[in-house]
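These notes concern the structure reproduced below.
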Number of protein chains: 2
Amino acid sequence: MISRPPRPRDRGIPEATVARLPVYLRALQALQDRGTLTVSSEALATAAGVNSAKLRKDLSHLGSYGTRGVGYEVEYLVYQISRELGLTQDWSVAIVGIGNLGRALANYGGFGTRGFRIAALLDADSTMVGQSVAGLSVGHIDSLEEAVRDNGVSIGVIATPAGSAQHVANRFVEVGVASILNFAPVVLNVPEGVDVRKVDLSIELQILAFHAQRRADGDGRAPADRTGLELT
Amino acid sequence: MISRPPRPRDRGIPEATVARLPVYLRALQALQDRGTLTVSSEALATAAGVNSAKLRKDLSHLGSYGTRGVGYEVEYLVYQISRELGLTQDWSVAIVGIGNLGRALANYGGFGTRGFRIAALLDADSTMVGQSVAGLSVGHIDSLEEAVRDNGVSIGVIATPAGSAQHVANRFVEVGVASILNFAPVVLNVPEGVDVRKVDLSIELQILAFHAQRRADGDGRAPADRTGLELT
DNA sequence: CCCACTTTGTGCGTAGTTTCACAAGCGCGT
DNA sequence: ACGCGCTTGTGAAACTACGCACAAAGTGGG
């Protein structure tokens, strides 16, 4: 394992690129459904909402999968991106917290576009346990370890209230789940090597509000505020 | 109030900073609830999950609101960040698409932590119209313009299936809503000046899968795949 | 009043990301 | 076979973000 001469798959795909690959993949699958066989970086970039140079550089990190003068073969590129993202294998997902959001996630078909299988639903509320949601029976959080082991769960989704999220995260880590998607509005503390991604609805709204305010400030129509108190 | 010589509020707050301000704000509010009066950049950074130099640099973009040797006054900093984010005014939000996700959003209390008010729920499905969700009566999508005008809606949330999302976005833009939060798995096309943020559950899962696969590749336990076909 | 200690604000080197612009490669028509 | 036109892949420049490390500025004790 000295060198690695003809290996384009450098193992070092930039994070920013990784975050865009799923977008490209979706655009490609849409093209595939429409029967398109080949696509240029320009066309795909437009469909994905990025500029074509960025798209080409992103794809170049996976290898040289295009044909100059022609473009990319849709099916082949779908396969390559899927493989890079790890979607050629199946991932089992456990959702903890079967409130409104947890239920919405469980029922969200788009998940399993390919590669993801919701394997277990868990909640701490015993009145919830045993209910059927999205065709699965809700289990008690205490059976987490069992559920994870029996189903080979490797991705955990936290859809609990903020107060329980850290606790659930700890449980996930204990039973060996090293990928966590967190919907609770808290910063999770996890050991090195555990990967947490956060989806936070109110943060997104606040970012929108910031830009909206910017826009309004510049315009004539300023919105109510504008106190201007200085309190040095 | 002649010029503005000592105005640190440069108008040029980096996007990366803006995205973190809501996190700081939440950490500060937690401290405030606990009665803390003052906090150091080190402590706040830990609570927010970032490093302290980054925190200080972020805050320095808003102005010089700390005291050397002491730290930041919690209440004052809450106010400053809130103001910067535009949360000292109220924002009205309309949610379109009252499926599982839309309902979850409508019921999500955390939204209105401060500053956001859900003002209208709309759906295209006439069997949905008239139902009461989260204390609001669901209206028909055709009444969007009326709902926006009557409630001063300036932020639109799209929680429809992918197929309808672009259409809804167009309607929002037409009636003057220039901030859109999109949960549908599509790239929206909007005119210049309209701000779209995307929240995409399956993209997040795919990013997790990518890193999980990385981890597994390095480890002894390699997962199934590994075909190694080269097809030059 | 001065000194030791704490903590902010920031200059600066580094790393990562985006964009431009163009050479290299490929297909097709002649 | 050849050349024309199209499209990729990629150096290099420009921009953005990160984090160290330290001077500046404030507190409190003696």
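Worth saying up front: this structure is predicted, and the values here are computed from it rather than measured. Convention: sequence-line order gives letters A, B, ...; per-chain numbering from 1. All values below were derived from every heavy atom in this structure, side-chain atoms included, with hydrogens, water molecules and symmetry-related copies excluded.
Atom OH in A:Tyr72 sits roughly 18 Å away from atom P in D:dC6 (whole-Å rounding). When rounded to the nearest whole Å, the span between CD of B:Glu42 and P of D:dG19 equals 13 Å. The nearest whole Å value for the distance from the CZ atom in B:Arg56 to the P atom in D:dA25 is 16 Å. At whole-Å resolution of the value, CD in A:Glu73 and C1' in D:dT7 are 16 Å apart. One interatomic measurement links the two molecules: CD of A:Gln80 to C1' of D:dG9, which rounds to 16 Å at whole-angstrom precision. Between A:Leu62 atom CG and D:dG9 atom C1' the separation is 13 Å, expressed in whole Å. Atom C1' of nucleotide D:dC18 and atom CG of B:Leu55 are separated by 14 Å, given to the nearest angstrom.
Of the N and O atoms on the side chains of A:Tyr24 and A:Asp58, at least one donor lies less than 3.5 Å from an acceptor on the other residue. Side-chain contact check for A:Arg83 and A:Thr88: no donor-acceptor pair (N or O, by modelled atom type) lies under 3.5 Å. When only modelled atom types and interatomic distance are considered, A:Gln166 and A:Asn170 share a side-chain donor-acceptor pair under 3.5 Å. Inspection of the A:Glu75 and A:Tyr79 side chains reveals no N or O donor paired with an N or O acceptor under 3.5 Å.
Residues satisfying the salt bridge (Lys or Arg N to Asp or Glu O under 4.0 Å) criterion with A:Arg197, sequence neighbours excluded, are B:Glu204. For B:Arg171, the salt bridge (Lys or Arg N to Asp or Glu O under 4.0 Å) partners at least two apart in sequence or on another chain are B:Asp142. Judged as a side chain to side chain donor-acceptor pair (under 3.5 Å), and not counting sequence neighbours, B:Ser164 has no contacts. With sequence neighbours excluded, the residues satisfying salt bridge (Lys or Arg N to Asp or Glu O under 4.0 Å) with A:Asp200 are B:Arg26.
The side chain of B:Ser40 approaches C:dT8 more closely than any other nucleotide in the set C:dT8, D:dT8, C:dG27. In this structure, of D:dT8, D:dG9, D:dA21, it is D:dA21 that holds the atom nearest to the side chain of B:Ala53.
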Grab the N/O contacts between the protein and nucleotides 16-18 of chain C below 3.5 Å, and write none if there aren't any.
unit_1 : atom_1 : unit_2  : atom_2 : d
C:dT17 : OP1    : A:Ala16 : N      : 3.4
C:dT18 : OP1    : A:Arg20 : NH1    : 3.0
C:dT18 : OP2    : A:Arg20 : NH1    : 3.1
C:dT18 : OP2    : A:Arg20 : NH2    : 2.7

Can you give me the N/O atom pairs linking the protein to nucleotides 1-6 of chain C at distances under 3.5 Å, or say none if there are none?
none

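A close approach under 4.0 Å does occur between a side-chain nitrogen or oxygen of B:Ser41 and OP1 or OP2 of C:dT8. The side chain of A:Ser64 places an N or O atom within less than 4.0 Å of a non-bridging phosphate oxygen (OP1 or OP2) of D:dG9.
Salt bridge B:Glu15/B:Arg20: absent, no basic N to carboxylate O contact under 4.0 Å.
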